[in-house]
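What you see is a predicted model, and the numbers here were worked out from it, not measured in a lab. Each chain gets a letter, A, B and so on, in the order the sequences are listed, and its residues count up from 1. What's counted below: heavy atoms across the whole structure, side chains too, no hydrogens, waters or symmetry copies.
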Number of protein chains: 2
Amino acid sequence: MTTRARRSQQDRTKATTDALLSTARGLFVEQGFAGTSLGAICERAGVTRGAFYHHFSNKEQIFREVYTAEQQALVAVVRRAFRAQDDPWDGVIAGGRTLLESSLEPAVRKITLVEAPVALDWNAMRGIHAGCKEQLRTGLTIAVEAGCIPARPLAPLTSLLYGAICESALDLAHAADERATLRDTLSQLELLLIGAAGRQTPGCAHRS
Amino acid sequence: MTTRARRSQQDRTKATTDALLSTARGLFVEQGFAGTSLGAICERAGVTRGAFYHHFSNKEQIFREVYTAEQQALVAVVRRAFRAQDDPWDGVIAGGRTLLESSLEPAVRKITLVEAPVALDWNAMRGIHAGCKEQLRTGLTIAVEAGCIPARPLAPLTSLLYGAICESALDLAHAADERATLRDTLSQLELLLIGAAGRQTPGCAHRS
DNA sequence: GAGAAACATACAGACAGCATGCATCTCAGC
DNA sequence: GCTGAGATGCATGCTGTCTGTATGTTTCTC
């Protein structure tokens with residue numbers, strides 16, 4: 001028996017799963033899902049593969065948990081930006097802007113935009129409810145209900161806008177001048193949104 | 001010596017590489033890049049792994065060749081749609097529409113949109129010149145030069161529009177009513193393009 | 001101290017890539 | 001036209017690594 005402090009089972013579990021999750025996140029960002037071995041995760045986390053398989057069913061599951069945490073954090077930020085605006089349509093614009101800016105973080109970009117679509121299949125991603133795309137759609141729905149923009153097929157519009165933002169975030173990773181490109185991207189995004197609104201956005205400050 | 005027909009080395013090479021490429025394409029579509037083993041490709045192609053490694057340096061390379069062929073075919077279709085219009089801006093609209101419609105093909109979608117970003121890194125994809133994104137940008141450049149739309153930061157705008165189209169193509173794969181959703185997506189895409197044009201698109205039929 | 005939970009170790013099957021050897025083709029020189 | 005040496009196409013076996021499982025050992029809980 002070493003001098004190791006006695007810990008409750010809960011504490012032990014939390015310590016090892018936290019260590020595994022955070023090192024896994026780091027490695028997934030650095031080397032991608034396929035490029036990261038369980039051995040590497042465990043070694044860096046200071047546990048054995050036996051411990052890993054005690055807490056996670058397989059490699060996909062730990063990625064799913066990392067991804068879910070990432071999504072929830074993102075959604076929280078975007079939702080806050082949306083709610084900070086009085087006009088729902090301004091909220092959509094602010095949310096889109098915030099999503100784009102948040103996606104500049106390399107870790108967010110790599111995990112949520114690049115690796116997730118392959119590591120998880122479409123249904124698994126769909127299952128992680130309340131993703132950013134869903135949030136965007138909710139914003140659009142509220143904007144329509146409030147009469148800010150005419151009724152539209154919102155599912156297709158959501159995909160278009162979400163895709164526009166995500167692809168831009170990926171591209172920004174390789175831009176020579178990130179600040180300037182971000183500024184230009186935001187200006188062009190607003191143009192597209194004006195098109196989506198089908199008006200010059202005079203404002204309509206009723207909240208639902 | 002069996003009754004096997006004598007073949008030139010060129011013929012032999014072409015036969016095996018063609019077999020490998022086409023079966024690889026099929027398996028990549030069905031099971032993805034990581035989910036496809038070289039053994040499976042070779043078995044289905046009727047050759048051994050030795051033959052594979054004689055013609056390709058590794059698994060990534062055969063994917064790259066499959067992807068390149070896919071891209072070239074897509075670009076050709078999009079370019080044709082663009083050139084069929086007199087007005088460059090109409091060409092951009094037609095090109096976007098064609099790209100979206102082409103991406104409905106499950107094989108195209110899976111290989112170019114889902115697997116490629118992970119199997120190949122960003123630089124490898126960038127290296128395969130004359131991709132669809134580049135084609136879109138060229139169209140926008142011509143439209144600006146022809147005076148159809150005001151000068152704009154085209155790189156960000158290209159990313160936005162390209163991402164919008166690709167994400168929609170992915171989403172269409174899971175739509176309940178694909179035809180109706182495609183119709184709605186195209187109508188919303190045109191709204192965004194009107195926003196990008198910054199005008200009501202009265203037409204400007206000078207070609208460069 | 002018995003049972004459960006956390007963790008470690010040993011192992012099996014699959015896979016990518018390499019090395020080496022055999023089969024088939026090509027072509028110069030006769 | 002024939003031949004043999006070299007080049008090219010292809011097959012087989014091996015190695016290291018990886019995921020996932022089965023089973024053993026330690027640590028905690030009651």
Using a cut-off of strictly less than 4.0 Å between a heavy atom of the residue and any atom of DNA chain C, enumerate the qualifying residues of residues 28-38 of chain B by number. B:T36, B:S37, B:L38
Respond yes when some side-chain nitrogen or oxygen of A:H54 is under 4.0 Å from OP1 or OP2 of C:dC7, and no when none is. no
Just checking A:Y53: base, sugar-phosphate only, or nothing, at a heavy-atom cut-off of under 4.0 Å? base
Between C1' on C:dC15 and CD on B:E60, what's the gap in Å once rounded to a whole number? 17 Å
Quick one: does B:T36's side chain have a donor or acceptor within less than 3.5 Å of a partner on B:L27's backbone? yes
SB check A:R109 A:E105 (cutoff 4.0 Å): no
N/O (side chain, A:H55) to phosphate O (OP1/OP2, C:dA5) under 4.0 Å: no
Which nucleotide in the list D:dG20, C:dA6, C:dA16 gets nearest to the side chain of A:N58? D:dG20
Rounded to whole angstroms, how far apart are CZ on A:F52 and P on D:dC18? 14 Å
Which listed nucleotide (C:dC7, D:dA11, D:dG9) is nearest to the side chain of A:A51? C:dC7
Distance test, side-chain N/O of A:T16 to OP1/OP2 of C:dC7, below 4.0 Å: yes
Looking at A:T13, I'd like to know whether one of its side-chain N or O atoms comes within less than 4.0 Å of OP1 or OP2 on C:dA6. yes
Hey, are the side chains of B:L191 and B:S187 touching, using non-hydrogen atoms and a 4.5 Å cut-off? no
Side-chain (B:R152) to main-chain (B:A196) donor-acceptor, under 3.5 angstrom: yes
Nearest-Å distance, CD (B:E43) to P (D:dA11)? 13 Å
In whole angstroms, how far is the P atom of D:dT19 from the CZ atom of A:F56? 15 Å
Starting from P on C:dA16, measure out to CD1 on B:I62 and report it in whole angstrom. 12 Å
Distance in angstrom units between B:K14 NZ and C:dC25 P, rounded: 18 Å
Do B:N58 and B:F52 come within less than 4.5 Å of each other through their side chains, counting heavy atoms only? no
Whole Å only: how far is the CZ atom of A:R49 from the C1' atom of C:dA12? 12 Å
Can you confirm whether A:S159 sits close enough to B:T185 that some side-chain heavy atom of one is under 4.5 Å from a side-chain heavy atom of the other? no
Rounded to whole Å, please give me the gap between CD in A:Q10 and P in D:dT29. 9 Å
Cation over ring face, A:K59 and A:F33, 6.0 Å, 45°: yes
Between B:K59 and B:R12, name the one whose nearest nucleotide on DNA chain C is closer to the 5' end. B:K59
